[in-house]
Amino acid sequence: VGDQTREAPKTAGFSYDKWEINPSELTFMKELGSGQFGVVRLGKWRAQHQVASKTIREGAMSEEDFIEEAKIMMNLSHLNLVQLYGVCTQQKPIYLVTEFMELGCLLNYLRQRRGTLGSQDLLGICHDVSQGMQHLEQNGFIHRDLAARNCLVNSSLVVKVSDFGMTRYVLDDQYWSSSGAKFPVKWSAPEVFNFCKYSSKSDVWSFGVLMWEVFTEGKMPFEHNQNHEVVMMVTQGHRLYRPQKAAPHIYSIMKMCWMEKADERPSFTELSLMIMDELEEAD
Ligand SMILES: CNC(=O)Nc1cc(-c2cccc(-n3cnc4cc(C(C)(C)C)ccc4c3=O)c2C)cn(C)c1=O
C-alpha cells in the first residue's frame with residue numbers, strides 16, 4: 001500500500017523520504033493573501049490536513065538556493081515556529097506547503113483586538129515569539145526580518161514566527177538593499193542598516209521593536225519619521241518611547257535589545273527567562 005502504511009515522520013514533512021509533496025494530494029481553497037513571493041492559499045493535504053500553500057511567482061525567488069536550504073528549514077520544528085511541511089518543485093510555479101494559522105498575522109491581530117488585551121496577554125505573545133527565536137538561535141539560524149507582520153496566530157492563540165531566513169531568497173532588490181524602499185530599517189540594528197551585518201543579536205534588536213509593536217497594540221514604529229531619518233536618530237542614540245501598556249520593567253527589557261553594541265544585547269535564552277519572570281511575577 002505504498003507509503004500509506006509507513007507512518008509519516010513525526011517531524012516536519014508529510015512525505016516519507018523526500019521533502020517533496022505530491023501536488024495531486026493537495027487541494028486548494030480560499031486565498032489568504034499575497035506576500036513577497038506571491039499568492040498564499042488555504043489548502044488540504046490528503047483531504048484532511050489543513051495547510052497553507054505559497055505559490056512562488058516567477059522571478060520572485062532564487063529557487064535553487066531555497067530548495068537547497070529547504071531541507072534544513074524543515075528540520076526546524078518548534079511550537080513557536082510556523083512549520084514548513086514540504087515543497088512542490090516538480091512543476092512551475094513551485095510552491096511551499098506550511099502549517100496553517102487560523103487567525104492570520106500578529107500585526108492585524110493586535111490592531112483588531114486593540115483595547116481588549118491585558119498586559120499579561122501582551123507579555124504572553126512576546127514570550128511565544130522569544131521561545132521560537134530561542135530555537136532559531138540555538139540552531140544558529142538568523143531570521144533577518146523579525147517583526148509582528150512576520151508572526152502568525154492560530155486558533156489556540158499561540159503565536160509563531162514565520163518566513164525565517166527567507167529574505168535571502170528574495171530577488172526584489174527594493175527589498176534587500178538597505179537603501180531600498182522596502183528595507184525594514186525601523187526593525188534593523190545599526191550594524192544591519194550600516195553594514196548588513198546580520199546575527200542572532202541583530203534579530204534581538206528586531207525583537208525589541210516587535211515587543212514595542214505588541215505593547216502599542218500594532219502601532220508603526222517611528223510613525224512620523226521616514227527610513228533615512230530613523231537611521232540618523234538611532235545612530236544618535238534615540239530610541240522608541242515607552243508604550244503606556246508597558247510597565248517600566250518591560251520597557252527595560254526592550255531597551256536591552258536596543259544596546260548599540262550587539263554583544264551587550266541579551267540572548268533569546270536570557271530574554272525568554274526575563275519575560276517568563278515578568279509573567280510569573282504578575283500571577
Ligand atoms: C487567516 N489566516 C491566515 O491568513 N493565515 C496565514 C497567512 C499566511 C500568509 C498569507 C499571505 C502572505 C504571507 N506572507 C507575508 N509576508 C511574507 C514575508 C516574506 C519575507 C521574505 C519578506 C520575510 C516572505 C513571505 C511572506 C508571506 O508569504 C503569509 C505569511 C501564511 N500562513 C502560513 C497562514 O497560515
Side-chain angles (χ1 to χ4, degrees), residues 12 14 21 26 28-45 49-57 59-63 65-67 69-70 73-74 76-88 93-113 128-129 132-133 136 141-178 180-188 192 196 198 202-203 206-207 209-210 213 218:
F14 284 116
I21 287 179
L26 285 172
F28 300 121
M29 285 113 77
K30 69 172 176 171
E31 203 175 292
L32 295 169
S34 61
Q36 189 67 30
F37 297 125
V39 173
V40 184
R41 286 185 183 80
L42 172 59
K44 282 253 168 99
W45 180 71
H49 296 275
Q50 272 198 327
V51 296
S53 103
K54 300 189 179 192
T55 305
I56 305 302
R57 191 179 59 247
M61 172 197 271
S62 52
E63 297 179 2
D65 299 347
F66 165 71
I67 291 164
E69 175 85 3
M73 295 172 86
M74 280 179 241
L76 290 167
S77 295
H78 185 273
L79 178 75
N80 298 112
L81 295 178
V82 175
Q83 186 63 56
L84 177 62
Y85 288 140
V87 292
C88 299
I94 71 166
Y95 35 86
L96 323 184
V97 181
T98 76
E99 171 179 12
F100 171 61
M101 304 287 281
E102 294 81 359
L103 299 186
C105 94
L106 174 61
L107 185 58
N108 294 338
Y109 177 81
L110 290 165
R111 291 176 172 170
Q112 285 154 10
R113 284 160 185 76
D128 281 356
V129 176
M133 289 307 297
L136 291 186
F141 206 93
I142 306 168
H143 190 298
R144 292 181 175 80
D145 192 4
L146 179 61
R149 64 179 173 277
N150 289 330
C151 292
L152 293 163
V153 189
N154 70 10
S155 49
S156 312
L157 304 187
V158 175
V159 180
K160 308 195 184 197
V161 180
S162 182
D163 297 302
F164 32 91
M166 293 303 283
T167 59
R168 291 170 295 172
Y169 311 112
V170 172
L171 288 177
D172 170 2
D173 62 5
Q174 268 312 310
Y175 178 77
W176 48 256
S177 77
S178 54
K182 297 183 194 169
F183 192 88
V185 166
K186 296 180 173 183
W187 284 262
S188 299
V192 166
C196 288
Y198 290 96
S202 64
D203 277 350
S206 308
F207 177 78
V209 181
L210 181 145
E213 290 183 275

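Both counts, for ligands and for their atoms, begin at 1 and track the order of listing.
Side-chain contact between I21 and W45 is present, with at least one heavy-atom pair separated by less than 4.5 Å. The closest side-chain heavy-atom distance from W187 to E213 is below 4.5 Å. Between V159 and Y109 the shortest side-chain heavy-atom distance does not fall below 4.5 Å.
Between the side chain of S206 and the backbone N or O of A147, no donor-acceptor pair lies under 3.5 Å. Distance alone, capped at 3.5 Å, is enough to place a donor-acceptor pair between the K160 side chain and the L79 backbone. A donor-acceptor pair under 3.5 Å is absent between the side-chain atoms of D173 and the main chain of S177, judged by distance alone. No side-chain donor-acceptor contact under 3.5 Å links Q83 to the backbone of T98. No donor-acceptor pair under 3.5 Å is formed between the side chain of H49 and the backbone N or O of G43.
Nearest to atom 1 (C) of ligand 1 among the protein's heavy atoms is E102 O, 3.1 Å. If you check which protein heavy atom lies closest to atom 29 (C) of ligand 1, you get V40 CG2, 4.1 Å. In this structure, atom 17 (C) of ligand 1 lies nearest to the protein heavy atom D163 OD2, 3.7 Å. When hydrogens are left out, the protein atom nearest atom 32 (N) of ligand 1 is L152 CD1, 3.6 Å; that is the closest non-hydrogen contact. Closest to atom 19 (C) of ligand 1 among all protein heavy atoms lies Q36 CB, 3.9 Å. Annotation: atom 18 (C) of ligand 1 to nearest protein heavy atom, N150 OD1, 3.6 Å. With hydrogens left out, the protein atom closest to atom 2 (N) of ligand 1 is M101 O, 3.0 Å, a heavy atom.
Within ligand 1, the atoms closer than 4.0 Å to a non-hydrogen atom of Y175 are 22 (C), numbered from 1 in the order shown. Close approach of ligand 1 to D145 (heavy-atom distance below 4.0 Å) involves ligand atoms 22 (C), 23 (C). The contact set between ligand 1 and G104, taken as ligand atoms under 4.0 Å from a residue heavy atom, comprises 1 (C), 2 (N), 3 (C), 4 (O), 5 (N). Those atoms of ligand 1 that come under 4.0 Å of a heavy atom in A52, given as number and element, are 32 (N), 33 (C). Here is the list of ligand 1 atoms found below 4.0 Å of a heavy atom in T98: 33 (C). Taking every non-hydrogen atom of V170 and a distance limit under 4.0 Å, the qualifying atoms of ligand 1 come out as 21 (C).
Of the inter-residue distances, the one linking N150 atom CG with R144 atom CZ reads 13.5 Å to the nearest 0.5 angstrom.
Residue contacts with ligand 1: Y169 is excluded, as none of its non-hydrogen atoms falls under 4.0 Å. Under a 4.0 angstrom heavy-atom cut-off, E99 registers as being in contact with ligand 1.
The option from S53, P184, G35, S162 that lies nearest to atom 12 (C) of ligand 1, judged by heavy atoms, is G35.
Residues K182 and D172 are paired through a salt bridge, judged by an N-O separation under 4.0 Å between the basic side chain and the carboxylate.
Looking at S34 against ligand 1, only its backbone comes within 4.0 Å, counting heavy atoms.
Of all heavy-atom pairs between S62 and R168, the closest is OG-O, 4.2 Å.
On a distance-only criterion, K54 and ligand 1 share at least one N/O pair closer than 3.5 Å.
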